[in-house]
Amino acid sequence: MLRMSTLFLRTLREVPADAEVASHKLLVRAGYVRRIAAGIYSWLPLGYIVYRNIENIVRDEMNKAGFQEVHFPALLPSEAYEKTNRWQEYGSDLFRLKDRKGGDYLLGPTHEEMFTLMVKGECSSYKDVPLVIYQIQTKYRDEARPRSGIIRGREFVMKDSYSFDIDDAGLAHSYQRHRDAYISTFDRLNLKYSIVSAVSGAMGGSASEEFLAPCDTGEDTYVLCESCGFAANVEAIVTPMAELPTANVPPLEILDTPNTPTIESLVEVLNNEYGGGFTAADTLKNILLMADGEAISVLVPGDREVDLKRLGASLPGIEDLRLFEEGDFATRKELVKGYVGPQDAARLGLRLYADPRVAPNSVWVTGANERNRHARYVVNGRDFQVDQYIEAAEVRAGDTCPKCATPVIIDRAIEIGHIFQLGRKYAEALDLTVLDAEGKQRVLTMGSYGIGVSRAVAAVAEQSHDEMGLCWPREIAPADIHIVATGKDDVPFAKAEEIAEALESIGARIMLDDRRDASPGVKFKDAELIGIPTIVVVGKGLADGTIEVRDRKSGERSDIPVDEVVGYLAALLD
RNA sequence: CGGGGCGUAGCGUAGUGGCUAGCGCGCCUGCUUUGGGAGCAGGAGACCGGGAGUUCGAAUCUCCCCGCCCCGACCA
C-alpha cells in the first residue's frame, strides 16, 4: 500500500521553468520524474511504478508472442561496431569511452551487432531458426538536441527484438508476428496510434512501419486519410502526376518585372501590370541546391516550399543536400538569384528535377534568368525539358490521399514503435551463417523491432491528461484506487484504512492519503494531479452513511453506501 | 551544428551600477482551522552558474567558459 504520509513524493504547484510539453510538465509536477541533465531523468517512486507497469506489459506481450528475453550490457567494446562500420557512421551521437588500458568502448545506442554475434555463437543449423530474441535495455545516444522531457532523451529504455530466419518468407512471417504483438501491446497501453509506412513504396526498400501515437507535441509529422485510414510519413507520400492535354499556348514571352525576387512580389507585379488573376500557384519556383557538391535545379509550384526531407528521400545516394547559399550564387554568376527559370537548365549544365505537380504540358510564369525579368507562357515539354520527376514539394493538409483521393490531414505524433525488415546487412558483415538442409552455408536474414518503453510513459501521459493532471489507464497507473481520508477526527481515517485493507486483500493496488495535516483541498488537488483512475473520498459523507467514488477521467461522482463500497470498487477492477 | 531565449533559496520569480538581494509556494515552531492548493505569529534557507576584467562600488557593465530551454539541421 502506498501511503501519502510516508511516500517519497513532493508535488509541485508551479510548472517547472524548463518544461514545455504536457507530459513533461505533469510528470515533474506530480513527482514522477526529475531532470538530471539534458535528456537524462531520474524516476521517483510513482514514476518508477508506472514505468515498470509499462515495461511489464511490453514484456508480457513479447513472451505471449513466443519471443525470448535476453539481456546485454549497455557498456560494449567497440570491436563489433567497427566491423559493421557503425563506430564511424554513428559519429558524435555515440557515447564513447576508454577503459584503463586505452581500449575503445561505447554505451550501446542499439544492439544489432551484439544480437547477431550472440546468435552466431549459439546457432549453426537451419533447424535453430526461426528465432526471435529481445531485451529491455537502457540505450544511450548523445542526441544533438534532446527535447520534450522524456520523449527524446539521451538515455532511454527500449525494448529491442531481432528475428533470424533462413529466407525472406520466414522474415515476412516474423515481421507479421511482431506487428501483431505490437498491436496487442499498444492496445493494452490504451494508446491511440496509426501504423505508418516509413519508406516510400516507390523506392522499393525493405518493409518498415512506424507506430505513431498522435499528439500535438509529437516530433513526427505524418499524413492521415480519415476516409480510408491510409497513413504515411510525408517522405513516403507519392504525388500523382496530372495528365494534361497539349494546349495551344502563345509563345514564351519575356516580361519586365522590376524588384520581384520573391513569389509574393512577382504575383503583385503580374496582377498590377499583366492582366491580373495570378496567384502563387501560377508561378514556377526554381530552387537551386547543392547535391554532394553538384548544383541541381528543382521545380515546384510557387505556392509550395521544397521539403528537403522528402527531396532527400527521393535522391538516394546523395549524402549532402543543401540549398544554394550566397557563396554558391557568387561562383555561378549566370544563375540570377530570384530570377531563375528552367528554360536554360540544359545550357547551364543543371540537372533539372521537377515535382509531379509540375506536370508535362503545364504552363507557368517563371524567372527569365535575367535580373528584373520573368517569362510567361512557359510550357513544360516545349520550353524546358525535365530530366527526372521526383517528390520535392511539401505535403499539405488537403492534398489528396494516394489511395482514395480524399483530402488528407496532417498530424503530429510520437513514434512509439518501429518494425523493420533489416535483411542480411548485419548477418553478412558479421558472417552469421547456418547450414541448410543440403549442408550449404546460408546467411540468415534479420528483422529488428523497437518499442520506446520509457518514451511510452510520456506518450500515454500526452494522450491521457487534462488541465488538472494525469489520467492513467488502470493497468499502468501507480495504483488502482486512491483513497482520500478527510476530516478532523479519527473516524474517517480509520474507515479509510479499513476499506484500503479490505481492497488490498482482494488484490487491489491502493494509494491511501492518510495525511492528518493536509487540508482536503490539497489532497484533492494531489489526487487529480497524480491521476490514479478511481478516487475514493472518505469524509463528510460518512455522516449519512456514504462514501464518494469519483472517476478521475470523466469526473463522474457517486455516493455509495458505506457497507457496499468495497464490493462496488471491487467490481470496478474486473 | 546554425538561430533565439534563459541561468538569483527545493520550486516559481522581482531586482539594468549604490543601504542588510525582495516576494510567492514549499519547509520548521506554536496557536487556530479541516470538502477544493487555510489563517495568524515567529523562523531557517542564496558565496545571485563559474572565472577573469572595468569600477570607489557589480546579481546588474565587458570578455571567456559551463549549463538549461525552444526553432531548425541531424537522429529514430
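All values derive from a computational prediction rather than experimental measurement. FYI, side chains are in, hydrogens and waters are out, and symmetry mates aren't considered; it's all heavy atoms of this structure. A, B, ... follow the sequence lines: proteins, then strands. Residue 1 opens every chain.
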Return the value, rounded to whole Å, for the distance between atom [atom1] of [X] and atom [atom2] of [N].
X: A/K540; N: B/G35; atom1: NZ; atom2: C1'; value: 5 Å
X: A/H24; N: B/C11; atom1: NE2; atom2: P; value: 13 Å
X: A/K488; N: B/G35; atom1: NZ; atom2: C1'; value: 13 Å
X: A/R141; N: B/A76; atom1: CZ; atom2: P; value: 7 Å
X: A/D307; N: B/C74; atom1: CG; atom2: C1'; value: 15 Å
X: A/D93; N: B/C1; atom1: CG; atom2: P; value: 12 Å
X: A/D526; N: B/G36; atom1: CG; atom2: P; value: 15 Å
X: A/R515; N: B/G37; atom1: CZ; atom2: P; value: 14 Å

At what distance, to the nearest 0.5 angstrom, does NZ of A/K495 lie from CG of A/L542?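 If we round to the nearest 0.5 Å, A/K495:NZ and A/L542:CG are 7.5 Å apart.
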Tell me what [X] touches on the nucleic acid: a base, only sugar-phosphate, or nothing, going by heavy atoms under 4.0 Å.
X: A/K309; answer: base
X: A/A19; answer: nothing
X: A/E219; answer: nothing
X: A/T217; answer: nothing
X: A/R29; answer: base
X: A/R557; answer: base
X: A/R86; answer: nothing
X: A/G452; answer: nothing
X: A/V15; answer: sugar-phosphate
X: A/E89; answer: nothing

State plainly whether the residues [X] and [Y] are in salt-bridge range, i.e. N to O under 4.0 Å.
X: A/K337; Y: A/D328; value: no
X: A/R188; Y: A/E61; value: yes
X: A/K285; Y: A/E305; value: yes

Compute whether any side-chain donor of one residue and acceptor of the other, for A/Q135 and A/H111, lie under 3.5 angstrom apart. yes
Taking atom types as modelled, find out whether A/S558 and A/E548 have a side-chain donor-acceptor pair closer than 3.5 angstrom. no
Could you measure between the two [atom1] atoms, the one in [N] and the one in [M], and give it in whole Å?
N: B/U20; M: B/G12; atom1: P; answer: 29 Å
N: B/G15; M: B/C19; atom1: C1'; answer: 14 Å
N: B/A14; M: B/C6; atom1: C1'; answer: 16 Å
N: B/C56; M: B/G39; atom1: P; answer: 49 Å
N: B/A21; M: B/A73; atom1: C1'; answer: 42 Å
N: B/G22; M: B/C31; atom1: C1'; answer: 28 Å
N: B/A76; M: B/G17; atom1: P; answer: 50 Å
N: B/C48; M: B/G3; atom1: P; answer: 30 Å

Mind telling me whether [Y] and [X] have parallel, tilted or perpendicular rings, with 30° and 60° as the class edges?
X: A/H178; Y: A/Y449; answer: parallel
X: A/Y41; Y: A/H24; answer: perpendicular
X: A/H418; Y: A/F420; answer: tilted

For B/C56, which nucleotide is its Watson-Crick or G-U wobble mate, given both distances must be under 3.5 Å? B/G18
Using purine N1 to pyrimidine N3 plus N6-O4 or O6-N4 for Watson-Crick, or N1-O2 and O6-N3 for G-U wobble, both under 3.5 Å, which nucleotide pairs with B/C6?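 When the pairing criteria are applied, B/G67 turns out to be the nucleotide that pairs with B/C6.
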What string of B, S and - do you get for nucleotides 21-30 of chain B, 5' to 3', if B is base contact, S is sugar-phosphate-only contact and - is no contact with any protein heavy atom under 4.0 Å? ---BSSS---
From the list [options], which nucleotide is the closest neighbour of the side chain of [X]?
X: A/R35; options: B/C74, B/C68, B/G37; answer: B/C68
X: A/K525; options: B/G37, B/A73, B/A76; answer: B/G37
X: A/R145; options: B/U34, B/C71, B/G12; answer: B/C71
X: A/A144; options: B/A73, B/U13, B/G35; answer: B/A73
X: A/R147; options: B/A73, B/G35, B/C69; answer: B/A73

5'-most by nearest nucleotide on RNA chain B - A/D517 or A/V522: A/D517
By nearest nucleotide on RNA chain B, pick out whichever of A/G487 and A/S148 is the more 5' one.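 Comparing both residues, the 5'-ward one is A/G487.
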Does the side chain of A/S519 get closer than 4.0 angstrom to OP1 or OP2 of B/A38 through an N or O atom? yes
Are A/F95 and A/P109 close enough that some pair of their side-chain heavy atoms sits under 4.5 Å apart?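 No, side chains not in contact.
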Answer yes or no: side-chain N or O of A/R322 and base N or O of B/G2 forming a donor-acceptor pair under 3.5 Å. no
